[in-house]
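All heavy atoms count here, side chains included; hydrogens, waters and symmetry mates do not. Quantities reported herein were computed from a predicted structural model and do not represent experimental measurements.
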Amino acid sequence: MVKAADRAKNPARSSVWLEERAARSGGGPAGLDRDRIVSTSIRMLDEEGLAKLSMRKLATELGVTAMSLYWYVDTKDDIIEFAMDSVYGEVDLAAVDAAGDWRERIRVLALEYRRMLVRHAWMSPSAGQYLNIGPKAVAVGQKIHESIRDTGLSLERQPSAMSAVFQFVYGYGTIESQFGRRAAEAGMSQDEFYVDAIKAFRNDPEFEERAEGMKELLDERASHGSVSAVWDRDFAYALDVLVAGIEVMVAREAEAARDTEK
């Protein structure tokens with residue numbers, strides 16, 4: 001059994017996917033398997049978040065003893081890694097393949113990734129803590145790599161373009177998911193929460209004065225009447241800006257290459 005303390009000694013290699021445990025999916029206690037553990041974990045994470053997940057609570061939810069879980073997982077980290085890889089499987093790779101050129105494939109990948117992050121608010125804080133090298137995560141990464149490769153950018157520039165697009169998506173999806181989580185915790189819809197928040201600081205004379213330069217922008221955003229519509233609109237336009245930026249950089253590299261040949 002791999003102890004958390006043992007993993008801390010070598011964090012660069014700390015992943016369930018690098019251990020024998022990842023291959024074990026059957027042969028344990030009757031009525032229990034890894035798929036059931038993972039699906040239940042995802043539901044609990046979606047409902048209660050990372051902080052409230054524990055082996056004991058998971059076992060209770062499954063109707064088994066905590067010791068039964070250790071046939072399939074050694075630590076809570078294992079569960080989170082399996083859960084993360086499972087939700088990467090929600091990214092529709094068939095839709096990516098059907099999308100056409102690199103521009104459309106990037107757009108589909110970005111939208112699918114964003115939607116996954118929003119559905120699972122625990123996903124973004126987890127993503128930076130683990131290697132994300134499960135089979136479904138790697139499959140998504142491969143599609144991202146292929147789409148960026150097909151832009152025509154040089155090999156040394158492809159990682160930067162990949163970061164520009166997908167770190168943006170990660171950040172956007174994180175903020176969107178956490179906003180939705182806060183609204184839900186307050187017992188409000190996102191629209192209600194947004195309106196209430198705007199009223200709170202607009203009724204504060206000191207804040208109103210400090211935010212005077214933002215009044216026009218705040219009024220524009222509020223005019224749409226739907227936070228979801230604003231999320232979608234801003235995301236689509238920001239993504240267009242990034243795709244256009246890649247096109248400009250591809251053209252710049254091509255021009256530089258022609259100048260070198262002269």
Can you tell me how far the [atom1] atom of [X] sits from the [atom2] atom of [Y], to the nearest 0.5 Å?
{"X": "D101", "Y": "I106", "atom1": "CG", "atom2": "CD1", "value": "9.0 Å"}
{"X": "L93", "Y": "I144", "atom1": "CG", "atom2": "CD1", "value": "9.5 Å"}
{"X": "Q158", "Y": "R149", "atom1": "CD", "atom2": "CZ", "value": "8.0 Å"}
{"X": "L69", "Y": "R34", "atom1": "CG", "atom2": "CZ", "value": "13.5 Å"}
{"X": "E61", "Y": "E48", "atom1": "CD", "atom2": "CD", "value": "8.0 Å"}
{"X": "D78", "Y": "S41", "atom1": "CG", "atom2": "OG", "value": "11.0 Å"}

>> Please evaluate residues D46 and R43 with respect to the criterion side-chain contact (heavy atoms from CB on, under 4.5 Å), reporting the C-alpha separation (whole Å), side-chain torsions for both, the decisive distance (0.1 Å), and the verdict.
In response: CA-CA 5 Å; D46 289 344; R43 177 172 55 77; 5.7 Å; no
>> With side-chain hydrogen bond (donor to acceptor under 3.5 Å, both in side chains) as the test, pick out the partner of E176 among R114, R115, Q190.
In response: R114
Which heavy-atom pair separates [X] from [Y] by the least distance, and what is that distance?
{"X": "L117", "Y": "S177", "result": "O-CB, 3.4 Å"}
{"X": "L62", "Y": "R36", "result": "O-NH2, 2.8 Å"}
{"X": "V73", "Y": "M55", "result": "CG2-CE, 3.7 Å"}
{"X": "A110", "Y": "L239", "result": "CB-CD2, 3.7 Å"}
{"X": "A183", "Y": "S189", "result": "CB-O, 4.0 Å"}
{"X": "V227", "Y": "D191", "result": "N-OD1, 2.6 Å"}

>> Centroid separation under 6.0 Å, is that true for the rings of F168 and F235?
In response: yes
Without swapping roles, check the side chain of [X] against the backbone of [Y] for a donor-acceptor pair under 3.5 Å.
{"X": "T40", "Y": "I37", "value": "no"}
{"X": "Y170", "Y": "S124", "value": "yes"}
{"X": "N132", "Y": "A127", "value": "yes"}
{"X": "S86", "Y": "F82", "value": "no"}
{"X": "Y172", "Y": "W231", "value": "yes"}

Given side chains that start at C-beta, do those of [X] and [Y] come closer than 4.5 Å, heavy atoms only?
{"X": "E253", "Y": "L153", "answer": "yes"}
{"X": "F166", "Y": "L109", "answer": "yes"}
{"X": "I79", "Y": "Y72", "answer": "no"}
{"X": "M123", "Y": "Y88", "answer": "yes"}
{"X": "I133", "Y": "D85", "answer": "no"}
{"X": "D150", "Y": "R105", "answer": "yes"}
{"X": "D77", "Y": "V16", "answer": "no"}
{"X": "R233", "Y": "Y237", "answer": "no"}

>> Holding to side chain to side chain contact (heavy atoms under 4.5 Å, CB included), I want the full list of residues that pass it with S54, two or more places apart in sequence or in another chain.
In response: R56, K57
> Considering residues at least two apart in sequence or located in another chain, which fulfil the side chain to side chain contact (heavy atoms under 4.5 Å, CB included) criterion with E90?
Replying inline: V87, M116, R119, H120
>> salt bridge (charged side-chain N to carboxylate O under 4.0 Å, His left out), that's the test. Do E104 and R107 meet it? Break it down for me.
In response: CA-CA 5 Å; E104 291 309 309; R107 287 189 176 96; 2.9 Å; yes
>> I'd like to know whether I80 forms a side-chain contact (heavy atoms from CB on, under 4.5 Å) with M84, so could you lay out the CA-CA distance, the side-chain angles of the two residues, the decisive distance to 0.1 Å, and finally the verdict.
In response: CA-CA 6 Å; I80 294 172; M84 289 174 63; 3.9 Å; yes
>> As a quick check of understanding, evaluate salt bridge (charged side-chain N to carboxylate O under 4.0 Å, His left out) for E47 and K52, giving each step before the final call.
In response: CA-CA 10 Å; E47 292 173 357; K52 294 186 179 179; over 6 Å; no
Quick one: do [X] and [Y] end up in the same hydrophobic cluster if we chain Ile, Leu, Val, Met, Phe, Trp and Tyr together by side-chain heavy atoms under 4.5 Å apart?
{"X": "M67", "Y": "L58", "answer": "yes"}
{"X": "V230", "Y": "V169", "answer": "no"}
{"X": "V118", "Y": "W122", "answer": "no"}
{"X": "V64", "Y": "W71", "answer": "yes"}

> Any side-chain donor-acceptor pair under 3.5 Å between T65 and S68?
Replying inline: yes
>> Run the ring pair (Phe, Tyr, Trp, His ring centres under 6.0 Å) test against F193 and tell me which residues pass, sequence neighbours left out.
In response: F179
>> Could you check whether atom CZ of R181 has more than 12 heavy atoms from other residues, nucleotides or ligands sitting under 6.0 Å from it?
In response: yes
